[in-house]
Structures are given as structure tokens and as C-alpha cells.
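In what follows, a single structure is set out as C-alpha cells and then discussed.
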Amino acid sequence: MSALELSNDAARDIWERDRRHFLHPFTDFSSFREKGALIVDHGTGCTITDANGQQYLDAIGGLWCTNIGLGNEEMAEAIVDQVRRLAYSSTFTDMSNQPAALLAAKLAELAPGDLNRAHFATGGSTAVDSAFRLVQYYQSCQGKPEKIHMIARKQSYHGSTYASMSLGYKEHDRSSHFAFITDTIHHLSAPDLYRAPEGMDEDAFCDFLVDEFETTIAEIGAEFIGGFFAEPVMGAGGVLVPPRGYLPRMREICRRHDILFVSDEVVTAFGRLGHWFASESVFDIVPDIICSAKGLSSGYLPISAVIYSDRVHEVISEGDSSRSYPSGFTYSGHPVCCAAALKNIEIMERTNLLAHAQRVGLYFGKRLAELRDLPLVGDVRGLGLMRCVENVRDKRTKETFPGDLNIGKRISDAAEELGLLVRPVGHLNIMSPPLTITEEEIDFVVEKLGIAIERTHAALKSEGFVAG
């Protein structure tokens with residue numbers, strides 16, 4: 001969208017104010033100077049409407065988060081009621097509020113194993129940052145203060161605070177203008193089965209990844225490693241589903257070396273894969289810590305939770321009587337945010353939304369697979385309502401297009417013209433629609449994305465980037 005395309009003066013004024021004054025997260029300065037932002041005016045269910053009145057099916061789900069859909073009146077009422085009752089209260093030290101207490105207990109009920117404790121934060125980044133600190137605190141409290149090193153994976157995304165961005169390792173996000181923690185954070189190969197070393201089948205690739213983990217631990221020294229951070233399915237890094245048996249084997253290695261396993265379920269929790277949490281229900285592991293956000297409130301208000309085990313709590317809470325836990329945020333356990341999360345969970349339970357997500361998630365995967373035959377499509381992958389199309393220049397060699405061609409953005413722009421929003425990440429197009437999406441809406445997504453890919457391919461042929 002540009003100023004010339006806006007249909008009225010009021011819309012043009014908002015667009016210009018946004019362009020002049022708002023530094024957007026992950027802004028691409030070159031395109032933003034010219035086109036500014038798509039100004040969203042309102043939304044209902046899976047659909048958003050821009051300032052021009054143009055409707056789009058939002059297959060991005062906001063940002064992996066609008067799980068129960070937009071415009072839910074029950075959520076609005078719950079939020080308003082809580083604002084009237086208690087708009088804010090601190091939860092530092094020995095103060096609490098009813099929604100925070102009830103939400104902590106509900107999360108303990110839903111989480112796997114003995115993960116019965118919750119520490120609230122404000123979003124996925126602050127949840128991961130808090131888990132990072134919790135790992136160090138736990139290791140020090142059990143008499144191992146030297147276990148401060150962390151291991152994560154390449155292509156991972158864990159957030160944008162200093163610690164969480166350092167744990168993540170998407171090449172595009174590693175700006176040379178920022179500093180990162182590099183002395184105590186180490187990265188393993190991504191479990192990217194599509195780009196596994198030539199000749200490796202799924203089982204051999206799994207062995208390769210597990211062996212690499214063992215080797216890295218031996219090189220650093222298990223006595224220095226505090227935690228391992230992993231998304232069950234890697235989200236912004238390309239919706240990478242790990243090889244069979246990978247996560248249970250990594251979990252067992254962590255247990256053997258007293259390395260806390262932190263499952264970053266900021267995306268995968270609360271129904272994205274058809275379950276409250278994916279760690280145990282999908283991948284058969286019970287981690288020590290789960291980070292959650294996004295679907296916790298379906299994006300209605302900012303809230304996240306670090307859910308951790310009784311075993312960890314016993315270590316950090318016992319011992320020195322003067323010990324305190326000096327970590328948290330002004331809005332930790334915010335009563336209105338917690339009330340929204342409780343209502344969100346209640347709606348999901350009452351409407352049996354997890355079962356619906358499982359059903360339409362399978363349908364989504366089946367329909368998207370039909371795009372594999374298109375000339376630009378190298379891979380179609382994912383689980384549940386978490387899907388990705390990887391676009392390549394050569395399907396045989398898996399060669400990608402030059403980064404400055406921005407193939408994913410070209411396709412998403414073409415889709416936008418057709419009333420569909422998909423997320424461009426380099427040469428990828430990622431989708432994570434609301435869990436309320438219907439099969440008819442999925443048909444629309446696949447149809448319009450297919451047309452957008454075909455139109456982009458035709459444009460690339462005319463420009464000489466692909467063979468005629």
C-alpha cells in the first residue's frame with residue numbers, strides 16, 4: 001500500500017503518521033520508505049480489513065497468535081469486567097491477584113508431567129529471557145554456578161531481547177549492527193530434513209544431529225552447560241519438523257548431563273498443533289521448562305508464562321533462608337492479561353477447539369501438498385496449523401534465489417492483491433491461521449497462494465531469473 005492507493009484523507013493521514021513516527025519491529029527500511037505499512041482497521045474471525053475497506057484472509061494469524069479468531073465478544077467482555085474490578089496490581093514479592101493465581105493453577109493442570117509452577121512475563125521474548133535466567137539460577141542454587149553455557153540451534157527464533165536473540169540464530173536477524181552473546185551460547189545444526197546432507201535418510205540425519213550434540217557437550221564440558229533451548233517445531237526459521245525420535249533422544253542426553261531442557265512453545269502451545277502443549281502430546285517429551293505466550297491469550301493482550309517443574313522449584317526455593325528470586329516485570333501476572341488468558345482457555349475448552357484444529361490441520365496439510373508440483377515450490381511442510389512453502393530456483397538442486405530478489409515477499413505481495421496474507425521470510429512463505437479456520441477458508445488460502453506463486457513465476461520468467 002502507498003499513499004496514492006489510499007481511498008480517503010483520513011486513511012492517508014494515519015498512513016503518513018505511521019510512516020513518519022513508528023519504528024516497526026523488523027522494519028525493512030528501503031521498502032518502508034516507499035510503501036509504508038498496511039494499515040489494519042478492524043478484524044473478525046480469520047479476516048482483517050484495511051483502511052481502504054479491503055478484506056484479507058489472515059493466514060498468518062496475526063503473528064502465530066490469533067488462535068480463537070478476532071472480534072470475540074466474550075473476550076472483550078471479560079477484559080472490560082476485569083478492568084472495572086481491578087485494572088492493575090503488583091505481583092512482586094508477596095502480592096498477587098485472583099486471575100494470576102487461577103491462571104497459574106490452570107496452567108499446572110494443562111502442562112505435562114510435574115510442570116506445576118508458573119512465572120509470568122509479557123511476551124515470548126521475555127518468557128525465553130526469563131527461562132534463560134531461571135536455568136542459571138537453578139544451576140547456581142544446586143551448587144553448580146559454572147553451568148552458565150547454553151546450547152540452541154541454528155535457524156531458531158527465540159525472541160528479540162539480548163539473551164533471546166542471542167539464543168536464536170536466523171542469519172537474517174544476526175545484524176552486524178547488534179552485539180550478541182557468543183562466549184556462552186552455542187548453536188547446533190538445525191533439524192532441517194529438506195536440507196539434510198546428501199545421502200542421509202531421516203534416521204541417519206537424526207543420528208547425525210544427536211552425535212553433534214554429544215560432541216558439542218564433550219567439547220564444552222557438561223559441567224559448564226546449564227540448558228538446551230529448542231522449539232518442538234521451529235517456527236520463523238522455516239516450520240522445521242524434527243526427524244523421528246530426535247527430541248526424545250536430545251531430552252535423554254540433557255537428563256544424563258544435568259542440562260535443563262527448555263521447550264520453547266511460544267508458537268506450538270495452546271492449539272497450534274492441536275494440543276495444549278506439543279512437547280509431550282506430539283513429541284513424547286516432558287521438558288524441565290516450557291515457555292509459552294501468543295496463543296495463551298490468542299493475542300488479545302500481551303502475556304507469557306514460563307512453566308517449570310516441581311523439581312526445579314524445590315532446588316531454587318529451598319536452602320539459604322535469605323534467598324530471593326530477583327527477576328520479573330512490572331506487568332508479570334497483570335490481572336487483566338491473566339483474565340483474558342483464562343477466558344481464552346475457557347472458550348477453547350468449551351468449543352472443543354483443539355479437536356477442530358487437529359481436523360482442519362490435517363486438511364490444511366493435504367491441500368497445501370497439492371502445490372508441490374508448481375515450478376517454484378521445493379518443499380511443503382509442517383504440522384497442524386503451522387505450515388510452510390519453501391520456494392527454490394531449481395527443484396532438483398534445491399538452489400534458492402538471490403536474497404535481494406526477495407522471492408517470499410514477491411509471492412506474499414501477489415497473494416495480498418488476491419485478498420490473502422501469508423508471511424514472507426526470505427525464500428519461505430509461512431502460514432499459521434487462527435484455529436477457528438474452516439475447510440472452505442483453507443481452500444481459499446491454497447487457491448490464492450497457488451495463483452500468487454504462478455504469477456510470480458511468470459514475472460520471474462519475463463525478467464530472466466528462471467528458464468522459459
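All values below were derived from every heavy atom in this structure, side-chain atoms included, with hydrogens, water molecules and symmetry-related copies excluded. Predicted model, so just to flag it, every value in this text is computed and none were measured.
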Legend entry - For L107, the option from L296, I290, L115 that meets side-chain contact (heavy atoms from CB on, under 4.5 Å): L296
Say whether, by atom type as modelled, one donor and one acceptor occur between the side chain of [X] and the main chain of [Y] under 3.5 angstrom.
X: N429; Y: G408; answer: yes
X: T27; Y: L23; answer: no
X: T351; Y: I347; answer: yes
X: E441; Y: L57; answer: no

Can you tell me if [X] has over 12 outside heavy atoms packed within less than 6.0 Å of its [atom1]?
X: D28; atom1: CG; answer: yes
X: F178; atom1: CZ; answer: no
X: K395; atom1: NZ; answer: yes
X: Y331; atom1: OH; answer: no
X: R396; atom1: CZ; answer: no
X: R455; atom1: CZ; answer: no

Legend entry - Heavy-atom pair with the smallest gap, counting every atom of F120 and S332: O-OG, 2.8 Å
Legend entry - Ionic contact status for E390 with R195, cut-off 4.0 Å: yes
Legend entry - Ion pair check, E16 and R20, cut-off under 4.0 Å: yes
Inset, instruction - List the steps and the verdict of side chain to side chain donor-acceptor pair (under 3.5 Å) for S164 and T161. - result: CA-CA 5 Å; S164 62; T161 64; 2.7 Å; yes
